[in-house]
Novice: 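The structure under discussion is supplied below as C-alpha cells; questions concerning it will follow.
Chain naming here is simple, since letters A, B, ... match the order of the sequence lines and numbering starts at 1 in each. A quick note: this is a predicted structure, and the numbers were derived from the prediction, not measured.
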There are 2 protein chains.
Amino acid sequence: MLQKKILAAPSIKRLPRYLHIIKQAQMDGAEYISATTIANELHLVSIQVRKDLGITGIIGKPRKGYPILPLIESIERFLNWDTEKKAIIVGAGNLATALTGYPEFFNHGLKFVAAFDTDTKKIGKNIHGVPVLSIKQLSEKVSELNATIAVLTVPSKVAQECANIITKSGIKAIWNFTNIKIKLPADVVSQFEDLTSGYAMLSVKMDSIHND
Amino acid sequence: MLQKKILAAPSIKRLPRYLHIIKQAQMDGAEYISATTIANELHLVSIQVRKDLGITGIIGKPRKGYPILPLIESIERFLNWDTEKKAIIVGAGNLATALTGYPEFFNHGLKFVAAFDTDTKKIGKNIHGVPVLSIKQLSEKVSELNATIAVLTVPSKVAQECANIITKSGIKAIWNFTNIKIKLPADVVSQFEDLTSGYAMLSVKMDSIHND
C-alpha cells in the first residue's frame, strides 16, 4: 500500500503555485478565476491547469472559470493543508533556520514544534521561536508534542542513524533534505528533497541559450 | 527560443540522484553499473532509468550495463556540470548560508563568489568564505567576477526589484527561491524553486496512509 506510486506527482507539485495565484486573485477581490489566467501566469497550457485542478475534485464553470472560495477549499482539502500538522526538525543548522522562518509552511498548516541537535552550543536556544533540544529527548518530546512529521536536515553521514531514532519515536512521515536515500520501515512515508535537481534544470536551460 | 519547453524536465531532475549513486558505485570499485541497480536503489522501474540516461547520449551494454566512467562524463557533460560556473547569491540570510555551505553544489561546478544584501550588519562579513557585499556593488562585482548565475533568496516583497538589478548587471540565469514569479527579459532563463511542493507531496503521501 505504501509502495503505491503517487501517480499525479507533477500535478500535486504544481498545486501550491496555483494556490498562491488563486489566493492573490482572492485578495484582489476576484470571485472567479479561469484556468487560462493561472496558465498564463505560469507559462503553462490551460488544459494542463484544468487537469491538475481536476485531481482535487473541482469542476470549473464554462466561461466563468472556478469560484475562488470552493477552489481554495478543494485544493487545501486535497493537500490536507486544512488541518494543522506538527513537525519536528532534526539538525538545527542553517537550513533548519531557513525552513522554520519560511512563512509559507505555517500558512499551510505546518507548525514546527521542536528542533533537535547534538551540538551543546545549540541546545537550549531557539530558532524562530522553535526550541532546540537534545536529540536524546526526541522520542519523549514527539509523544508529548504529538508531532507527526520529521524534517531531516542533518549531515548526510548521520542521516540513517537519525532516521532510525525518528522512526523509533513513532513518526510516520519524513521530509528528507539530506542527499542520502534513507532506509525506512514499510509504514513510513518520505519525501526526498534534492536541491541539486533545480540546479540541473537551470544548467540545462543556460546551455540552451548558448547553443541555440 | 527561450520559451521552448524543456521537455525532459522530470528526467533531467532525476539525473543528479543517478549521478550520486553511480559515483558511490565508482568509489566502491565498480566498473559497470546496470539500470536495474540504479532503479532498485530509487524505487523506479529500470526502463525509466534507461530512458532518462539515454537523454545524455549514452547507451548501455547488454548484460554488463553502463561503463561507469563514460556514464559519469556523459551525465556531467549533458548537465554542463563539467565546467565551473560562478554564482552570486542575492539576499544573505539563512537560506543563503545553507546553500553556500552545501558541498554538492561545489562538487558540480557551482562556485559562489559573492553574496549581496542591504543589511549593514551583514555587509563586510563572510558566509562560508563568501564575502557579503552591498547590493549597490552588485553590477560592478558581477563584471569583475564574471558571475553568470544569480541565486535569489531575498524576501518576496523585494524579489522583483532585486531581479531587475540582477538582469541589469548582465546575468542571464536566475535561480529563484522566493515565492514570487518574477518578470524577466526574454533572454534570461530562470528556475523556480518551490519548497512547498515537496511538502505538498509529503502531505498527500501521509493522507494515503490514513485512508488506505
Novice: Measure distances from B:R17 to the heavy atoms of chain A and classify the residue's part below 4.5 Å as side chain, backbone, both or neither.
Specialist: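 Both parts, backbone and side chain.
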Novice: Using a cut-off of under 4.5 Å on heavy-atom pairs, state which of A:D194, A:I21, A:L110 scores highest against chain B.
Specialist: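 When all of A:D194, A:I21, A:L110 are compared, A:L110 has the most.
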Novice: According to salt bridge (Lys or Arg N to Asp or Glu O under 4.0 Å), does anything in residues 83-107 of chain B pair up with another residue at least two apart or in another chain? List the pairs.
Specialist: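 Every candidate salt bridge (Lys or Arg N to Asp or Glu O under 4.0 Å) pair involving residues 83-107 of chain B fails, so no pair, neighbours aside, qualifies.
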Novice: My understanding is that only residues two or more places apart in sequence, or in another chain, count here; which of them pass side-chain hydrogen bond (donor to acceptor under 3.5 Å, both in side chains) with B:S74?
Specialist: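 B:S74 satisfies side-chain hydrogen bond (donor to acceptor under 3.5 Å, both in side chains) with B:T56 once adjacent residues are dropped.
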Novice: Please state whether the side chain, the backbone, both or neither of A:F192 comes within less than 4.5 Å of a heavy atom of chain B.
Specialist: side chain
Novice: What are the two closest heavy atoms between A:L79 and B:S203, and how far apart are they?
Specialist: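 Taking A:L79 first and B:S203 second, the nearest heavy atoms are O-CB, 2.9 Å.
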Novice: Please work out whether the ring planes of A:Y199 and B:W81 are parallel, tilted or perpendicular, with thresholds of 30° and 60°.
Specialist: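 Ring orientation of A:Y199 relative to B:W81: parallel.
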Novice: How close do B:Y102 and A:T196 get, counting heavy atoms only, and between which atoms?
Specialist: CE2-CG2, 4.2 Å
Novice: By number, which residues in residues 115-128 of chain A have some heavy atom less than 4.5 Å away from chain B?
Specialist: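 If one takes a 4.5 Å heavy-atom cut-off, the residues of residues 115-128 of chain A near chain B are A:H128.
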Novice: Taking atom CG of A:L69 as the centre, does the number of heavy atoms from other residues, nucleotides or ligands within less than 6.0 Å exceed 12?
Specialist: yes
Novice: Do you know the tightest heavy-atom contact between B:Q191 and A:G198?
Specialist: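 Looking at all heavy atoms of both residues, the shortest contact is CG-O, 3.4 Å.
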Novice: Using heavy atoms and a sub-4.5 Å threshold, report which of residues 143-159 of chain A line up against chain B, by residue number.
Specialist: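 Hits under 4.5 Å: A:T148, A:I149.
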